[in-house]
Amino acid sequence: MNPQPSQNPFARAQPPRTGEVDVLVVGAGPTGLTAACEALRHGLSVRIIDRKQGRSTHSKALVTHARTLEVFETMGVADAMLAGGVPFAALNAHGGPRRRATRVDLLELPWGDTAYPFWLSIPQDATELVLEDHLNSLGGVVEWGTSLDEVRDGEDHVEALVTRNGETERVSTRWLVGCDGGRSRVRDQVGLRLTRRDAGATFILADVKSTVPITQNEGYAYLDPQGLLLVVPMPEPERWRIIAHVPTPAKESQLTVDAAFLDELIRQRSGMEFGSHDVKWTSQFNLNHGLANHFRSGRVFLAGDAAHIHSPVGGQGLNTGVQDAHNLLWKLAAVDRLDSPEAAERLLDSYEAERRDTARRMVTGVARMTAALTTRRSSIRRALGRLAPRILARPAVQAKLGRTAGMLDLAYSSGPLATAPGAGRRLPNPELPGGGRLYDELSPAGWSWVVWGRPGEARPDLEAPRWHGIPVVFLADELLAPATAAMPDGKRVALVRPDRYIAARGSSPESIGRAEYAGAVASAHC
Ligand SMILES: Cc1cc2nc3c(=O)[nH]c(=O)nc-3n(C[C@H](O)[C@H](O)[C@H](O)COP(=O)(O)OP(=O)(O)OC[C@H]3O[C@@H](n4cnc5c(N)ncnc54)[C@H](O)[C@@H]3O)c2cc1C
């Protein structure tokens, strides 16, 4: 379905370019790579720099969630991600070596309308490889070995000083996106703050092969009084990620995480003879949490770990960073088309309003969960071991491991774009009677109208100018039941943002276009 030529009353011609590049992305981790790919997809010129000499080979983040896979689908890389990963089929939760497990079949959870009803286990280095290859295929290239030193935020552009091989270059950019991780220099340079809270818990990690005959694509959680142990499947056959809380940690220099150490720890907490070998990567770290006081300072934005730090136990850090970049880049592309400076500011501010609120909830939730799982009091750990498998057996709790952990029910219910009841929710993605899913019908990088009606109802005239050049998808009522249920009677038109969130609802496009700020943005941006 091709967008009609714009008949847009709100748009203005592209303004003259003031910087050498539209977007400078600092940091080529998963967030920065996503930001650079998204900049190109939305028609912006981009440079991406990273002070490392090349891509990391550490497996770090392992779980990619359903909503992130939907983002990857929009970007055109979901199939490559699926090929590099393995769906996590079940979670077996034990209270200790001799206790019965509760098995949660993750593939059978009530996932609803997503094309990705699973947790995908894919190491972060594989995710970054897919993203960097994709960036290259779009004509972008990471400038490795290039570090950002200084940032000066001006009225119509940002000056950045970057260094490569001892030589300094002054880069002039219209927007700068700081995706430079938890110790972000961009954040410091523009005077934003992130206070780290030490969660007081030490963990060890190891990627290891095993001889034990446990089911390959299932995960195992042991809530043992000696500490939490997670055994997580990796895509490589017989390889597992071991994650263990060490309640009374030795100093890092005194702890040798090798096969013998892992076998002893796993035996004590699970009773398994793990037969660890080929230990590929190990790490020992203290958990930290934190949230930047702002995600925006003028023309500079923070995304990913630069904006929020999570405990890896929640498995949400990479996912949140990718979704930050996805949220921000279409707005940077759209903002030039808006006629009034106030409308542009409002759109830019919506990034922080939407993503900081999301990250705040995420950081708080994960911090609470981590505190419960890593309490220093062994009596509480023992009680947790007894209770957790029973709690996990409850369907309502299991459901949270699906849509909630998968970030499918995440909604932007506040902020400058949430102007209508029911707006801010992710558009459901039901299967269509003729095959495929609703998202296949939407504009690939722009806005869409979704209109639903009962059989026999008159279809709207798709050529009419009142649709502002935005493609229209017409659907039968029952297919969008989850969305329509929350919608006031008679409002059968939804305006859908480029990131697949519902921007506004109304009874007609005119009502949205006239009354809604989102309608003006969409009309200008299409
Ligand atoms: C052991 C472990 C397990 C984890 N497990 C999970 C999980 O299962 N699921 C999940 O979602 N998350 C997980 N996480 C978190 C996840 O790894 C991070 O959230 C993710 O890497 C953040 O991506 P990012 O791109 O924002 O930052 P980073 O990956 O930190 O990338 C920042 C980049 O910026 C570069 N940089 C820094 N300063 C500069 C500068 N001045 N100039 C130029 N470049 C600079 C760095 O070299 C780096 O490449 C885990 C983390 C760890 C450590």
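Counting convention: from 1, in listed order, for ligands and their atoms alike. Note that the structure is predicted; figures quoted are calculated from it, not measured.
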Note to self: Check contact between Thr146 and ligand 1, using heavy atoms of the residue and a distance below 4.0 angstrom.
What the structure shows: yes
Next item on the list: Using a strict 4.0 Å cut-off to heavy atoms of Gly27, name the atoms of ligand 1 that fall inside it.
Entry: 33 (C), 34 (O), 35 (C)
Checklist line | Identity and distance of the protein heavy atom lying nearest atom 11 (O) of ligand 1 | finding: Leu318 N, 2.7 Å
Notebook entry, point to check: Charged N to carboxylate O below 4.0 Å: is that the case for Asp113 and Arg426?
Noted result: yes
Check: Which atoms of ligand 1 have any heavy atom of Gly317 under 4.0 Å away?
Finding: 10 (C), 11 (O), 12 (N), 19 (O)
Next item on the list: Step by step, work out the side chain to side chain contact (heavy atoms under 4.5 Å, CB included) result for Tyr116 and Asn429.
Entry: CA-CA 11 Å; Tyr116 305 99; Asn429 188 22; over 6 Å; no
Margin query: Can you tell me if Gly304 contacts ligand 1 (heavy atom of the residue under 4.0 Å from the ligand)?
Written below: yes
Margin query: Could you check whether Glu73 pairs with Arg437 (Lys NZ or Arg NE/NH1/NH2 to Asp/Glu carboxylate O, under 4.0 Å)?
Written below: no
Notebook entry, point to check: Any idea which atoms of ligand 1 are less than 4.0 Å away from a heavy-atom of Cys179?
Noted result: 32 (C), 33 (C), 34 (O)
Note to self: Give me the nearest non-hydrogen protein atom to atom 53 (C) of ligand 1 as residue plus atom name, then the distance to 0.1 Å.
What the structure shows: Lys60 CD, 3.9 Å
Note to self: Looking only at protein heavy atoms, which one is nearest to atom 19 (O) of ligand 1, and what is the separation?
What the structure shows: Asp305 OD1, 2.7 Å
Checklist line | Polar contact flag for Ser147 and ligand 1 (N/O pairs, less than 3.5 Å) | finding: no
Item checked: Geometric cation-pi criterion Arg500 and Tyr439, 6.0 Å radius, 45° cone -> yes
Check: Which protein non-hydrogen atom lies closest to atom 21 (O) of ligand 1, naming both residue and atom, and how far is it?
Finding: Gln124 NE2, 2.8 Å
Next item on the list: With heavy atoms of Gly181 as the reference, note each atom of ligand 1 found under 4.0 Å away.
Entry: 27 (O), 30 (O), 32 (C)
Note to self: Just to verify, which of Arg164, Glu167, Glu169 counts as forming a side-chain hydrogen bond (donor to acceptor under 3.5 Å, both in side chains) with Thr146?
What the structure shows: Arg164
Item checked: For atom 24 (P) of ligand 1, closest protein heavy-atom neighbour -> Thr31 OG1, 3.3 Å
Notebook entry, point to check: Taking distance alone, with no angle check, do Gly182 and ligand 1 share an N/O pair under 3.5 Å?
Noted result: no
Note to self: Could you check whether Glu128 pairs with Lys52 (Lys NZ or Arg NE/NH1/NH2 to Asp/Glu carboxylate O, under 4.0 Å)?
What the structure shows: no
Next item on the list: Give yes if a backbone or side-chain nitrogen or oxygen of Val26 is under 3.5 Å from a nitrogen or oxygen of ligand 1, and no if not.
Entry: no
Checklist line | Polar proximity ligand 1 side, Glu128 side, N/O cut 3.5 Å exclusive | finding: no
Check: Under a 4.0 Å N-O cut-off, is there an ion pair linking Arg360 with Asp357?
Finding: yes
Margin query: Among all protein heavy atoms in this structure, tell me which lies nearest to atom 40 (C) of ligand 1, with the distance rounded to 0.1 Å.
Written below: Leu148 N, 3.8 Å
Margin query: Between ligand 1 and Arg241, is the shortest N or O to N or O distance under 3.5 Å?
Written below: no
Margin query: Between the side chains of Arg185 and Asp180, is the shortest nitrogen-to-carboxylate-oxygen separation below 4.0 Å, so that they form an ion pair?
Written below: no
Notebook entry, point to check: Tell me, which protein residue and heavy-atom name are nearest atom 36 (N) of ligand 1, and how many Å apart are they?
Noted result: Asp180 CB, 3.8 Å
Item checked: Distance from atom 8 (O) of ligand 1 to nearest protein heavy atom, with residue and atom -> Leu62 N, 3.0 Å
Next item on the list: Tell me yes or no: between the side chains of Glu218 and Asn92, is some donor less than 3.5 Å from an acceptor?
Entry: yes
Next item on the list: Looking only at distances, please establish whether an N/O atom of ligand 1 is found under 3.5 Å from an N/O atom of Trp281.
Entry: no
Margin query: Salt bridge or not between Glu20 and Arg170? Use side-chain N to carboxylate O under 4.0 Å.
Written below: no
Check: Backbone, side chain, both or neither: what part of Leu205 comes under 4.0 angstrom of ligand 1, heavy atoms only?
Finding: side chain
Check: Side chain of Asp105, backbone of Leu109: donor and acceptor closer than 3.5 Å?
Finding: no
Item checked: Of the listed options Gly321, Ser283, Ala61, Gly178, closest to atom 5 (N) of ligand 1 (non-hydrogen atoms) -> Ala61
Notebook entry, point to check: Between Arg267 and Asp263, is there a side-chain N and carboxylate O pair less than 4.0 Å apart?
Noted result: no
Note to self: Hydrogens and angles aside, do Arg356 and Tyr351 bring a side-chain donor and acceptor to less than 3.5 Å of each other?
What the structure shows: no
